[in-house]
Structure formats: structure tokens, C-alpha cells
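To keep things clear, I will list the structure first and then write my remarks on it.
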Amino acid sequence: MKQIRILTVALATATLSICSAGAQTDSTKTVASPQDTIPHVDFQVVHDRMAKLEKEIPLTHNDVTHQFVEFFAVRKPSFVKTMLERKALYFPIFEKYLAQYGLPDELKYLSLIESRLEPTIISYAGAGGLWQFMPSTARIDFKLRVDKYVDERFDPYKATEAACKYFLQLGRIFNYDWEMMLASYNTGPGNALRAMRRSGGKKGYWNVYPYLHKQTRGYVPQYAAIVYMMHYADDHGIRPDSVQRQASFDTIHVNSYLNLKTLAVAGQIPYDKIRQLNPHILTDVLPNDTRQFPLRLPKNDLKYFYAHRQTVIDSAIRLPYDDKVMLAASETRDDGDFGDEEEEPVRTTSKKFLHRVRRGESLVSIAHKYDIDGRNLKIWNRLGRRAKIHPGQKLVVYKLVEVPASSAQVAKVSNSPRSERLSKARKYHTVQRGDTLWKISQRYGGISIDKIKKINGIKGNEVRPGQKLLII
């Protein structure tokens, strides 16, 4: 994990001045320049308190650590106050995963230094989220989704679990020397190991301290100082104005395109609450290839949604295109003819193709060939999520094609008997187990759900196996 800028420019400046003095012991005090003088915080009182707070992770209190205590208590009480206000949002999540992975509970305080408890924060180096993962690390090492629609580094749950896995990796590398593990979380295990080699093979953070990057020298003392401040802020006159808490939520699983704003409006759910519960969703929509995506919705605002669930979902998953008649724009031609020639009006219709699978083809390549969505290809052919295809297999493909609406064609159709025209146009679908109006609409090239309901006299949103539906 690459190193990131710590908190503020002021704190970064303080870090450099502190680190230039080197590691201090309890018996020596760093003398600050007059312009950097900070009001005194009793050294011995902090020393005694920090000793009582220490659990599995060492909280070494020396002059370096004490300067950070004074910094937070006097120069940056606003930071501590903000952390006291935000901690209830995320600490329950951190505590759950740290306990699940058998890690020290006090690691939860590290996120305060990493991200100020802002789930969507991005560092100057590109690290993101509560636990500051680089995109490549998130994708490759921890299988987090990072794309233009979703960035799971911003998901408090998945990012925290990834951080726990990373702590375990660092534990194996540094034999659970927690101070070295914290240092390596900031600078990367490679840099931490190089610092140990430059020290002549010494062990222990404070022995390796002079050989670490300047920024990393301030990282572990900062951690100890913020642990202290979160327990004794009140003794320094720092109190939160209010406490923010995570709203309770229910989860629905999305398996298609979904427009969050439409869902909010149709379901009478506050849009800002959906965004707060899902900070990892980067846009207003989830794409058409979405599968088993857990969407969190505010539990106290779902009365209308549950009463009209299918109608709301049908509205939110409707793709943003229309299969109505489209007119091609007229075009000026320069091929020797005089004047402009207007193209015939065209309409779009869904056409069925049978594709025979060839050796070497995959569902992805076939979908690309017909310019269709791979998910629809699976739905049309009743293929499971991990279904495999084989050479010679026949696949049904529905593709929107343009059909000229010429006057000759119109005349031919209009002159044929009405019953004959209807019988040729009619298609029927027998509902299978697991079918929904959405799946049926996609199977027949995106015919609207409202149209299916209207021509079949369906008032609700439920269909039953064996039911025969007219599809035009």
C-alpha cells in the first residue's frame, strides 16, 4: 500500500519536524522552536493513562508520541471532535470484522489516521476509501470491484474485510510485531523490510525508526496519540456536538440494470439515504450485466416500497431506450444526382436468429458478434450463471433490426384480411417457473412491461407458470 498524505498540511509539516529529531525516550524532551511552541500537556499524566490503555498493540509513549498528543489536543481539537462525531458510523463495522478475523479491536483507530472516517476519500497517490487501498491492490489482491460504476474500496463492509486480510498478511511477514505492521501499512512491507536491513538487521519499530521514511516515522506515534485522544478527549475539553449513527437497512439483490433515482422516486425513498448507505456506487445507475449486487435501502423508509415492490422495481430496471418507430435523418448525397434525396422511414423490430456455436466461440464472443448483452443471451437460452456451451449447440438470438416502412409494404399489409394480419403478427409465451415480466420482456427483444400487461389484461405484476401471454 503506497504512503499517503496524513490528515492535513499542518500535520504533515509537524510530522517532518518531529521526525528530524529522531526517536526520543521518556527521559528526554524535544525542544520546539519558539514559533512552534504548543501549550503544555502534562507528560506524566499522558504516560500513565496510555499505559492503562495498552492492550495487544503497544502504545509507546515518548517525546515523539507526546508531541502528537499535544498536536491533537491543542492545535487540532477540531479533528478529534469530528472523529468523536463519526466513529459510531463505522466502529461497529470495524469491530465485527476485526473480531471475525481474530485481530485486535484497537486497530479500528487506524482508519482515523488513514481516512478521517470518510468512506469516499481519495489520497493524492490514488489510494481510496476508509482503509486507503490503491486500485490495483484492491482488484488483484483482494478481489474488490473497481470500475466506472462501482468502487468497493468505498464500501465500508468489503473494504474493512479486505483490510483485515491485509493485516493478517503483514502479521505473517513481521511475526506480529504490531508497531512494524502499522509502519508497513503506511509505507509498504517492502520499504519496511529495507529499513530493517539498513538498520543492520535490528528488530522493533523504535530501533528501525531512524531508517524509515520521514512520513512513516510519524505514523505509529500518531496512531498511539489518536488512541489516547479518543479515550481522553473530554479531559482536554473536546466533546462532540452530535453523534452520527448508521441507519438500519434492508438489502435487496440486483440482477439487472437499475436506475437509483427512479427507484427512489417510484419507491418514495429518500435518494440521499440510498447514497449514504451505498457510497461505493459511483453513478446513478447499475449496468445491465449486474449480478447479485447487494443494494442497501433505509429500513425506516420502505413502507411504500414493500407495498408496491414489483411496480417500483419494474420502473427502476426499465432500460433507457424505446422500441418505437424511428425516422432516419435525411442526408444530402453528392453522387452526381441533383438535389437531396430523402431516405424512407424505418421502424425497428425484434428478429429471431438461430446461431450454431462454432469451435472456439464463447458466450462473450457471440454476444459481441450480434452486438447484444451477454446476460440477455443467457436468459433467452435458459443458461445458468456458469453455463458452458459446446460446438454445434444452437442458441436463440433476438436482435433489434431496422425494417423499411415503404408505401408498397403498407399497402400490402392493409389489403390483407385483418384476421390474417393479426394471426401472423401474434406471438405467445407460456410462462415458465422463475419467469417474471422483466425476463419475458427481455426474451422478446425489450418489449415494454406495460405493453405486455395491457394486451393481456394484467393488473398486477405477478405471472404464474403455465399462463399463456400474448406478445406482439
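Note that the structure is predicted; figures quoted are calculated from it, not measured.
- A distance of 6.0 Å or more separates the ring centres of H280 and Y157.
- The main-chain N or O of N300 is never found under 3.5 Å from a side-chain atom of K303 such that the two would form a donor-acceptor pair.
- For the pair E152 and K158, the salt-bridge criterion is met [side-chain N within less than 4.0 Å of a carboxylate O].
- Between F142 and F133, the gap from one ring centroid to the other is short of 6.0 Å.
- Residues meeting the salt bridge (charged side-chain N to carboxylate O under 4.0 Å, His left out) test with E95, sequence neighbours left out: K108.
- Classification of R145 and D151 as a salt-bridged pair fails, no side-chain N sitting under 4.0 Å from a carboxylate O.
- The aromatic rings of F91 and Y109 sit perpendicular, their planes meeting at an angle over 60°, well past the 30° parallel limit.
- Listed for the S111 side chain is a donor-acceptor partner under 3.5 Å among the backbone atoms of L130.
- Aromatic ring centroids of Y185 and F167 lie under 6.0 Å apart.
- Judged purely by atom type and a 3.5 angstrom limit, S365 uses its side chain to pair as donor or acceptor with the backbone of S362.
- Counting heavy atoms of neighbouring residues, nucleotides and ligands inside a 6.0 Å radius, atom CZ of R275 exceeds 12 of them.
- With H308 as the fixed residue, the ring-ring contact (aromatic ring centres under 6.0 Å, His included) test singles out one of F305, Y304, Y306: Y304.
- Judged by distance alone, the side chains of Y166 and D141 never bring a donor and an acceptor atom under 3.5 Å apart.
- Between the side chain of D147 and the main chain of V150, a donor-acceptor pair closer than 3.5 Å is present.
- T82 places a side-chain N or O within 3.5 Å of a backbone atom of S78 that can act as its donor or acceptor partner.
- The side-chain hydrogen bond (donor to acceptor under 3.5 Å, both in side chains) with E361 is formed by just one residue from the set K369, Q393, H355, R356; it is H355.
- A donor-acceptor contact shorter than 3.5 Å links the side chain of R86 to the backbone of R116.
- In this structure, Y90 has its ring center at least 6.0 angstrom away from the ring center of W131.
- Between the side chain of S315 and the backbone N or O of T311 there is at least one donor-acceptor pair closer than 3.5 Å.
- A donor-acceptor pair under 3.5 Å links the side-chain atoms of R139 to the main chain of V146, judged by distance alone.
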